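Before any comments, here is the structure.
Worth saying up front: this structure is predicted, and the values here are computed from it rather than measured.
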Amino acid sequence: MLQRTRSWHRPSTTFAAALAVTAVVCVVAMVVDQRTVLGAPVWDKLFKFAVSGALYFFTWGWLVSLLPRFQRTARIATDVVIVLFAAEYVVMVFQAARARPSHFNNATPLDKTLFNAMGGMVAGIWIATLVLTVALMFTRLEDRATHWAVRTGAVISLIGIGLGALMLGPTPQQRTQLKATGAADLIGAHSVGVPDGGAGLPILGWSTTGGDLRIPHFTGMHALQVLPLLALGLGLLATRFPRLRDSAVRVRLVWVGSFGYAGLVALVTWQALRGEPLIHPSAATLTAAATLVAAVALAVAASVYRPQRAPVR
């Protein structure tokens, strides 16, 4: 394992470690600095971005090392993502130090310019990640389950990053204000049906009174970690359960997990867009969730207990 990590993309793993340290610093900052922005501690968003970014870049540090082709292109694209994410993070730190919202802020020319610049950085990150995802499509790994987990995880992650665009449009209240006055301090929001900054889940901050578009954004983006971990877990379980030693069984389970995870992303997106809190699902949401769980359970059973073909004589 140590030998393998030496071939990982060094800038990604270094940046991931730096973000992990930054997350700890943000925790200390939240204890020392009691200021809030839109009802949340000023350093809360920076903490969450640091944790999420550390996971993201640690994973790409590993994935880039797996590419048999397009190594140069992948390393350049990853370097671009690092630079853009770091630049976005610096803007967020600047706004936090001023106790100003970093996202959706249209209050002053400076705030508007900074948010527009961040939007351009995120677009650049998405394009560079698309390049990396395409490169992964040409990657062949020895373990077929991991091979497909990496591919499907990268695709769903790319979609999850793109779901952040759902937050950019003005809310009905903001549209009313824009129509009446021609200006609004905030344009865009992560909450649906309620103003940003209301009651939220501990640490995550996701709204408990309305929909929250950060949920599908977060869930989708981290398919890049969840699905490869699923493949790893199946490989470990294969040492105890003989049925899982069949590579075809593990591949089928990874595909079931991928479709199930994609269904989960679609479900929480649908729930958020309807202005429904994650922890207070409606009957329609519960029905859809139960259907998804049942479909995944049946697919898992069919994947594991699918009769093996008799050898041809």
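Residues meeting the salt bridge (Lys or Arg N to Asp or Glu O under 4.0 Å) test with Glu88, sequence neighbours left out: none. Taking the side-chain contact (heavy atoms from CB on, under 4.5 Å) definition, one finds that Val134 meets it with Leu130, Phe138, sequence neighbours left out. Take His103 and apply the ring pair (Phe, Tyr, Trp, His ring centres under 6.0 Å) test, not counting sequence neighbours, and it matches Phe49. Take Arg214 and apply the salt bridge (Lys or Arg N to Asp or Glu O under 4.0 Å) test, not counting sequence neighbours, and it matches Asp212. Residues satisfying the ring pair (Phe, Tyr, Trp, His ring centres under 6.0 Å) test with Tyr261, not counting sequence neighbours, are none. In this view, Arg98 and Asp111 satisfy the salt bridge (Lys or Arg N to Asp or Glu O under 4.0 Å) rule, not counting sequence neighbours. Taking Phe57 as the reference, Phe15, Phe85 meet the ring pair (Phe, Tyr, Trp, His ring centres under 6.0 Å) condition, with sequence neighbours excluded.
Sorted by first and then second residue, the side chain to side chain donor-acceptor pair (under 3.5 Å) pairs with a member in residues 121-133 read Tyr56-Thr129; sequence neighbours excluded. Among residues at least two apart or in separate chains, ring pair (Phe, Tyr, Trp, His ring centres under 6.0 Å) pairs with a member in residues 181-206 are Trp206-Phe218. For residues 16-40, there are no ring pair (Phe, Tyr, Trp, His ring centres under 6.0 Å) pairs, not counting sequence neighbours.
The hydrophobic cluster containing Val268 also contains Leu204, counting ILVMFWY residues as joined when their side-chain heavy atoms lie under 4.5 angstrom apart, directly or transitively. Note on Val28: it does not cluster hydrophobically with Val93, by side-chain heavy-atom contacts below 4.5 Å among ILVMFWY residues. If you chain together hydrophobic residues whose side chains sit under 4.5 Å apart, Leu110 and Met121 fall into the same group. Criterion: ILVMFWY side-chain heavy atoms under 4.5 Å apart, direct or through other members. Under it, Phe94 and Val91 are part of a common hydrophobic cluster. If you chain together hydrophobic residues whose side chains sit under 4.5 Å apart, Leu298 and Leu264 never meet in one group.
Between Leu67 and Ala74, the shortest heavy-atom contact is CD1-CB, 3.2 Å. Closest non-hydrogen pair, Pro101 versus Asn105, comes out as O-ND2, 3.0 Å. Closest non-hydrogen pair, Gly257 versus Leu230, comes out as CA-CD2, 4.0 Å. In this structure, Leu19 and Gly53 approach most closely via the heavy-atom pair CD1-C, 3.5 Å. Considering every non-hydrogen atom in both Ala54 and Ala20, the closest pair reads CB-N, 4.1 Å. The minimum heavy-atom distance linking Val192 with Ala272 is given by the pair CB-O, 3.3 Å.
Separation of atoms CG (Leu163) and CD1 (Ile215) is listed at 12.0 Å; rounding is to 0.5 Å. Residue Ile127 holds its CD1 atom at 10.5 Å from CG of Leu158, rounded to the nearest 0.5 Å. The CD1 atom of Ile76 lies 13.5 Å from the CZ atom of Phe70; values are rounded to the nearest 0.5 Å. Taking CE of Met221 as the reference point, atom CD1 of Ile161 lies at 6.5 Å (rounded to 0.5 Å). For the atom pair Thr36 OG1 and Asp44 CG, the distance stands at 11.0 Å (nearest 0.5 Å). Rounding to the nearest 0.5 Å places CG of Leu46 at 4.0 Å from OH of Tyr89.
Residues Pro109 and Lys112 fail the side-chain proximity criterion, which asks for heavy atoms closer than 4.5 Å. Side-chain contact between Ser102 and Leu114 is absent, with no heavy atoms from C-beta onward closer than 4.5 Å. Counting heavy atoms from C-beta on, the side chains of Gln71 and Val64 come closer than 4.5 Å. Under the 4.5 Å side-chain criterion, counting only non-hydrogen atoms from C-beta, Leu213 is in contact with Leu273. With contacts defined as side-chain heavy-atom distances shorter than 4.5 Å, the pair Thr146/Leu232 does not qualify. For the pair Met137 and Val155, the minimum side-chain heavy-atom distance is below 4.5 Å. Using a 4.5 Å cut-off on side-chain heavy atoms (C-beta onward), Trp60 and His9 make no contact. Side-chain contact between Phe47 and Pro41 is absent, with no heavy-atom pair separated by less than 4.5 Å.
No donor-acceptor pair closer than 3.5 Å links the side chain of Arg250 to the backbone N or O of Gly235. Checking side-chain atoms of Arg100 against main-chain N and O of Gln95 turns up no donor-acceptor pair under 3.5 Å. Panel note: side chain Thr152, backbone Trp148; a donor-acceptor pair is recorded below 3.5 Å. Without hydrogens or angle criteria, Gln225 side chain to Leu55 main chain gives a donor-acceptor distance under 3.5 Å. Side-chain atoms of Gln173 never come within 3.5 Å of backbone atoms of Gly193 as a donor-acceptor pair (strictly under, hydrogens ignored).
Considering Thr78, Leu63, Val80 as possible partners of Leu132, the one that fulfils the side chain to side chain contact (heavy atoms under 4.5 Å, CB included) test is Thr78.
Ring planes of Phe58 and Trp8: perpendicular class, angle over 60° (limits at 30 and 60°).
Counting Ile, Leu, Val, Met, Phe, Trp and Tyr side chains that sit under 4.5 Å apart, directly or through other members, Trp270 shares a hydrophobic cluster with Leu267. In this structure, Leu178 belongs to a hydrophobic cluster whose other members, linked by side-chain heavy atoms under 4.5 Å apart, are Ile187.
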task: Any chance you could lay out the side chain to side chain contact (heavy atoms under 4.5 Å, CB included) test for Phe104 and Thr171, step after step, and finish with the verdict?
output: CA-CA 11 Å; Phe104 320 123; Thr171 65; over 6 Å; no

Check against salt bridge (Lys or Arg N to Asp or Glu O under 4.0 Å), Arg75 and Asp79: CA-CA 6 Å; Arg75 289 179 181 276; Asp79 290 342; over 6 Å; no

field: Ile156 vs Val226, side chain to side chain contact (heavy atoms under 4.5 Å, CB included): CA-CA, chis, key distance, verdict
entry: CA-CA 11 Å; Ile156 297 173; Val226 172; over 6 Å; no

message: side chain to side chain contact (heavy atoms under 4.5 Å, CB included) for Trp62 and Val150? Distances and angles first, verdict last.
response: CA-CA 11 Å; Trp62 166 59; Val150 164; 3.9 Å; yes

- request: Under the side chain to side chain contact (heavy atoms under 4.5 Å, CB included) rule, what do Val304 and Phe241 come out as? Steps first, then yes or no, please.
  value: CA-CA 11 Å; Val304 173; Phe241 300 98; over 6 Å; no

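Proximity of the aromatic rings of Phe259 and Trp255 is defined here by a centroid distance below 6.0 angstrom, and this criterion is met.
Dense packing is recorded around CD1 of Ile279, with more than 12 heavy atoms of other residues, nucleotides or ligands lying under 6.0 Å away.
No side-chain N or O of Thr208 forms a donor-acceptor pair with one of His280 less than 3.5 Å apart. No side-chain N or O of Gln271 forms a donor-acceptor pair with one of Thr285 less than 3.5 Å apart.
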